[in-house]
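Here the structure comes first, spelled out in structure tokens, and everything after it is commentary.
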Number of protein chains: 2
Amino acid sequence: MSEKPTRGSAELDRLDLKILDILQRDNKTPQRTIAEMIHLSAPAVQRRIRRMEEIGVIRANVALVDPARVDRSITLFVEVEMESERAELYDAAKRSFAAAPEVQQCYYVTGEADFILIVIVRAMSDYEALTRRLFFGNNNVKRFRTFVSMERVKVGLSIPLE
Amino acid sequence: MSEKPTRGSAELDRLDLKILDILQRDNKTPQRTIAEMIHLSAPAVQRRIRRMEEIGVIRANVALVDPARVDRSITLFVEVEMESERAELYDAAKRSFAAAPEVQQCYYVTGEADFILIVIVRAMSDYEALTRRLFFGNNNVKRFRTFVSMERVKVGLSIPLE
DNA sequence: GGTGAAATTTAGAACCC
DNA sequence: GGGTTCTAAATTTCACC
């Protein structure tokens with residue numbers, strides 16, 4: 001896990017965006033096929049992909065798993081409001097949230113809450129245990145509100161590119 | 001008296017879960033390497049992956065793109081509360097939310113809101129335009145609250161397995 | 001950025017438990 | 001039914017222009 005030293009070469013042209021658009025849908029698409037789609041040669045496509053991986057535009061290549069099919073059917077959203085705004089306490093909370101495997105995503109936000117967590121668990125009892133650990137076990141957590149997902153209307157993890 | 005093993009559907013054994021655990025981190029991992037890691041042969045791994053793709057356990061294989069690096073740096077969370085609970089109106093709202101490219105994820109939830117949206121835009125002006133389209137343009141939207149992400153503390157790529 | 005050949009990976013068939 | 005060893009096809013990778 002090394003930091004990326006913001007190269008000046010982080011610019012993406014239209015062809016790079018087209019490649020990303022394809023890989024966001026299916027990163028198993030052969031470079032040859034991509035090359036035909038954007039009128040380039042396969043090695044040129046390969047070089048662009050490698051560059052985007054190196055500079056961190058492409059964070060990872062992953063398989064998306066349906067939570068319901070692996071017995072992790074419950075998705076929850078949690079708004080967390082903190083008591084004190086001291087940086088050390090915030091950082092401690094961040095670390096504890098990020099360390100929990102049930103916490104799939106965690107964002108520090110502005111608005112009527114301080115953190116928004118997306119939690120995936122097998123059963124509500126697992127969530128109850130998590131709340132005791134993360135929230136009731138932290139004096140700096142003033143309040144939290146939970147929303148239980150009943151339906152994933154849209155799951156797209158891809159970012160709209162033009 | 002024969003038991004119904006419900007084979008061929010969604011039964012996953014420990015080896016399947018181990019494979020998923022690997023592919024969720026890096027789906028470019030060669031089958032050969034996976035095979036070594038879980039002490040199996042490459043074709044066996046290949047058959048298991050193919051099966052999990054066919055029955056929908058693996059939803060897709062994608063590249064994860066850093067929004068900030070493609071000039072889509074603003075992530076927003078929106079709680080939407082509806083006026084009427086009529087199914088037709090809900091479905092219409094679902095469709096309009098899902099159809100918007102800026103809406104990366106949409107969930108139907110229980111709690112003090114009806115929908116939670118995760119929105120990614122280039123600039124706040126894009127979000128303002130989106131609110132006019134989706135919320136102010138829909139009489140059935142009673143209220144919505146927006147949270148602006150200031151930091152991605154944890155970016156959930158994978159579902160915790162095991 | 002393009003062209004070609006080599007190396008790696010994936011896909012498939014035959015066989016065994 | 002699932003696993004293993006083999007071979008063939010496809011893809012990625014790396015020389016070079």
Side-chain angles (χ1 to χ4, degrees), chain A residues 2 4 7-66 69-71 158 161-162, chain B residues 1-66 69-70 157-158 161-162:
Chain A
S2 56
K4 37 194 89 75
R7 285 255 177 77
S9 58
E11 306 164 27
L12 304 176
D13 62 16
R14 232 181 75 264
L15 291 177
D16 289 323
L17 291 179
K18 281 187 176 182
I19 293 172
L20 286 180
D21 193 43
I22 295 166
L23 294 181
Q24 280 196 132
R25 293 192 176 85
D26 180 9
N27 72 349
K28 293 292 180 58
T29 310
Q31 297 167 358
R32 207 178 213 94
T33 308
I34 299 173
E36 290 170 4
M37 288 196 265
I38 67 176
H39 308 296
L40 224 60
S41 70
V45 171
Q46 134 89 289
R47 279 194 286 259
R48 283 166 177 267
I49 293 175
R50 179 177 297 269
R51 172 173 161 271
M52 291 193 286
E53 286 174 343
E54 284 173 354
I55 67 178
V57 172
I58 296 176
R59 288 185 61 109
N61 289 284
V62 303
L64 297 182
V65 175
D66 186 345
R69 304 301 289 272
V70 288
D71 197 26
S158 63
L161 297 174
E162 204 54 33
Chain B
M1 306 300 164
S2 60
E3 275 301 314
K4 287 184 70 94
T6 61
R7 199 81 61 177
S9 48
E11 292 298 326
L12 302 178
D13 61 19
R14 284 173 200 79
L15 294 176
D16 288 323
L17 291 179
K18 281 187 177 180
I19 294 172
L20 286 180
D21 194 42
I22 295 166
L23 293 181
Q24 277 196 133
R25 294 195 174 84
D26 181 8
N27 73 347
K28 292 291 181 59
T29 310
Q31 296 167 357
R32 166 92 191 191
T33 307
I34 299 174
E36 289 171 3
M37 287 196 263
I38 66 176
H39 308 296
L40 223 60
S41 72
V45 171
Q46 182 191 43
R47 276 196 288 240
R48 284 167 176 268
I49 293 175
R50 176 175 293 265
R51 171 172 161 271
M52 291 192 286
E53 286 174 342
E54 284 172 354
I55 67 178
V57 171
I58 297 176
R59 290 185 58 112
N61 288 285
V62 303
L64 296 182
V65 175
D66 186 345
R69 304 301 286 272
V70 288
L157 319 165
S158 59
L161 296 174
E162 181 183 345

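Values reported hereafter were calculated over all heavy atoms of this structure, with side chains retained and with hydrogens, waters and symmetry mates removed. Order of the sequence lines sets the chain letters (A, B, ...), proteins ahead of strands, with each chain counted from 1.
- In this structure, B:His39 atom NE2 and D:dG2 atom C1' are separated by 18 Å, rounded to whole Å.
- Of the two residues near DNA chain D, A:Thr33 and B:Arg47, the one whose nearest nucleotide lies more 5' is B:Arg47.
- Salt bridge absent: A:Glu36 and A:Arg32 never bring a charged side-chain N and a carboxylate O closer than 4.0 Å.
- For B:Ala44, the listed nucleotide lying nearest its side chain is D:dG3; candidates were D:dG3, C:dG2, D:dT11.
- Checking C:dG1, C:dT10, D:dT4 against the side-chain heavy atoms of A:Leu40 singles out C:dG1 as nearest.
- Each of D:dG3, D:dC14, D:dT12 was ranked by its minimum atom distance to the side chain of B:Ser41; first place goes to D:dG3.
- Atom CD1 of A:Ile34 is separated from atom P of D:dA10 by 18 Å (rounded to the nearest Å).
- At whole-Å resolution of the value, CZ in B:Arg50 and C1' in C:dT9 are 14 Å apart.
- Look at CD1 on A:Ile38: it is 9 Å from P on C:dG1, rounded to the nearest Å.
- We find that A:Asp13 and A:Arg48 are joined by a salt bridge, their nearest charged nitrogen and carboxylate oxygen being less than 4.0 Å apart.
- Atom C1' of nucleotide D:dT13 and atom CD of A:Glu53 are separated by 13 Å, given to the nearest angstrom.
- Atom pair B:Gln46:CD and D:dT5:P shows a separation of 15 Å (rounding to whole Å applied).
- Checking A:Gln31 against B:Arg48, the closest nucleotide of DNA chain D that is more toward the 5' end is the one next to B:Arg48.
- Here the C1' atom of nucleotide C:dT9 and the CG atom of B:Asn61 are 15 Å apart, to the nearest Å.
- Rounding to the nearest 0.5 angstrom, the gap separating the CE atom in B:Met37 from the NZ atom in B:Lys18 is 11.0 Å.
- A distance of 6.5 Å separates CG in A:Leu23 from CE in A:Met52, rounded to the nearest 0.5 Å.
- Atom pair A:Lys28:NZ and C:dT9:P shows a separation of 13 Å (rounding to whole Å applied).
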